[in-house]
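Below: the structure, in structure tokens.
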2 protein chains.
Amino acid sequence: MSDFKDFIGSEKGPQCPRVYILALTDTLNVISGKWKLPIIAALLRGVNRFKDLLDSTEKITPRMLSKELKELEINSIVERKVYNQTPVLIEYRLTNSGKDIANVIDSMIDWGMIHRTQVITKTDAGEGS
Amino acid sequence: MSDFKDFIGSEKGPQCPRVYILALTDTLNVISGKWKLPIIAALLRGVNRFKDLLDSTEKITPRMLSKELKELEINSIVERKVYNQTPVLIEYRLTNSGKDIANVIDSMIDWGMIHRTQVITKTDAGEGS
DNA sequence: ATGTTCAGTATACAAAAGTATACTGATATT
DNA sequence: AATATCAGTATACTTTTGTATACTGAACAT
């Protein structure tokens, strides 16, 4: 497991390797923005078609959905499969990497929940600003 | 440990609890944007003063640094301490939550690195588009 | 009195991200 | 022939995010 702290947490530690920075900004690009996580969540739930993603992702416009799906496809997070039936069927599916991002989401949820309890505890009992 | 997959990864699983969504968006807000992670990284390295953060965070303007530090302070990621010496000394320090976010960063780096190797493997050997 | 450092603020602007609304084209249904 | 569905695209915005450049004010140092 990589350990950012080892590189960046010490007063005069080694520089953070560039591959770490690249990996980090990749990840940030994949999850940043208003719609990426809602779309990934829908795909994880097994929603795969454009129309269904439109309906299940509250208030997103087709323009944004189209744009986001393209970005996710370019970054190998989703695959687009065309089935030449009529009416044409197009399915978006998470790649293995795409599925694995659930681990990142988990660690974000963990931090967020602990952070909330810590902030609330401080606000209740602390020296309050 | 929370498990997003359990809630969102199954075809007809339970709905994702709202507290998870809140925690997740909290985390996203803390790390999103051009400067949040560079600033947090500098703070983890032990850079604590406005001027030093300006110098060590490449190309950031005082306006942005000031704005970001305020946001981080409001969200209890950093504490601002004023030492009434002359010249006045002001230190920004990560809270415990702020330090813990290194765990999230680690999982982001892990995903990013694995993702890169998978994409490269596919591109080298796969059916390439 | 003039200049220097620290810790910022003020104003204006540019670029990126997101929204609103309407439309397209292929195929099928009535 | 008119209508509907799927999978989007087109155009024109508005909002948010980030940049550039200059300035402020307190406390010293020369």
Side-chain angles (χ1 to χ4, degrees), chain A residues 21 24-43 46-75 77-94 129, chain B residues 21 24-43 46-75 77-94 129:
Chain A
I21 302 293
L24 184 53
T25 54
D26 281 0
T27 310
L28 203 50
N29 285 336
V30 168
I31 62 178
S32 284
K34 185 169 179 184
W35 297 114
K36 296 277 169 52
L37 285 179
I39 291 168
I40 290 170
L43 292 167
V47 180
N48 300 107
R49 301 177 64 177
F50 195 88
K51 182 88 193 324
D52 294 337
L53 288 165
L54 258 188
D55 294 344
S56 77
T57 311
E58 221 185 337
K59 297 280 182 187
I60 197 172
T61 60
R63 183 186 191 277
M64 287 309 288
L65 180 56
S66 171
K67 196 181 140 256
E68 301 284 41
L69 285 171
K70 267 173 196 157
E71 277 185 49
L72 291 170
E73 197 190 349
I74 285 167
N75 290 314
I77 313 304
V78 310
E79 285 174 339
R80 181 177 184 275
K81 280 193 182 165
V82 180
Y83 297 90
N84 252 330
Q85 331 172 338
T86 83
V88 66
L89 171 60
I90 292 168
E91 277 190 345
Y92 295 92
R93 292 196 176 277
L94 290 169
S129 93
Chain B
I21 301 293
L24 184 53
T25 55
D26 280 0
T27 310
L28 203 51
N29 285 336
V30 168
I31 61 180
S32 285
K34 185 168 178 181
W35 297 114
K36 296 275 168 58
L37 284 178
I39 291 169
I40 289 171
L43 291 166
V47 180
N48 299 108
R49 299 176 66 176
F50 194 88
K51 182 94 195 322
D52 295 336
L53 287 166
L54 258 187
D55 293 344
S56 76
T57 310
E58 218 184 339
K59 296 280 181 187
I60 196 171
T61 61
R63 183 186 191 278
M64 286 309 289
L65 181 57
S66 171
K67 198 182 139 258
E68 301 283 40
L69 285 171
K70 267 173 197 158
E71 277 184 49
L72 291 170
E73 197 191 351
I74 284 167
N75 291 313
I77 312 304
V78 310
E79 284 175 340
R80 182 177 184 275
K81 279 194 182 165
V82 181
Y83 296 91
N84 254 329
Q85 331 171 342
T86 84
V88 66
L89 171 59
I90 290 167
E91 277 189 346
Y92 294 92
R93 292 196 174 278
L94 289 170
S129 91

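Order of the sequence lines fixes the chain letters, A, B, ..., with proteins taken first and strands second; residue numbering starts at 1 for each chain. Just so we're clear, the structure is a prediction, and the values are computed from it rather than from any experiment.
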Annotated protein contacts, base or backbone, on nucleotides 1-18 of chain D with a non-hydrogen cut-off under 4.0 Å, one of B, S, - each
-----SSBB-BB-----S
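Remark: B:Glu68 engages B:Lys36 in a salt bridge, criterion side-chain N to carboxylate O under 4.0 Å.
Using a 4.5 Å heavy-atom threshold, the side chains of B:Leu54 and B:Pro62 count as touching. Side chains of A:Phe50 and A:Leu65 form a contact here, defined as non-hydrogen atoms less than 4.5 Å apart. When side chains are defined from C-beta on, A:Ile90 counts as touching A:Arg80, because their heavy atoms get closer than 4.5 Å. Two residues are said to be in side-chain contact when any heavy atoms from C-beta on lie closer than 4.5 Å; A:Thr25 and A:Thr27 fail this criterion.
What separates CG of B:Leu53 from P of C:dC6 is a distance of 13 Å, to the nearest Å. When rounded to the nearest whole Å, the span between OH of A:Tyr83 and P of C:dA26 equals 23 Å. Following rounding to the nearest Å, B:Lys59 (NZ) and D:dT19 (C1') show an atom-to-atom distance of 12 Å. Distance, B:Asn48 CG to C:dA7 C1': 15 Å, rounded to whole Å.
OP1 and OP2 of D:dA20 both lie 4.0 Å or more from every side-chain N or O belonging to B:Thr61.
In summary, of the residues considered (A:Leu43, A:Ile77, A:Ile39), a side-chain contact (heavy atoms from CB on, under 4.5 Å) with A:Tyr92 occurs for A:Leu43 alone.
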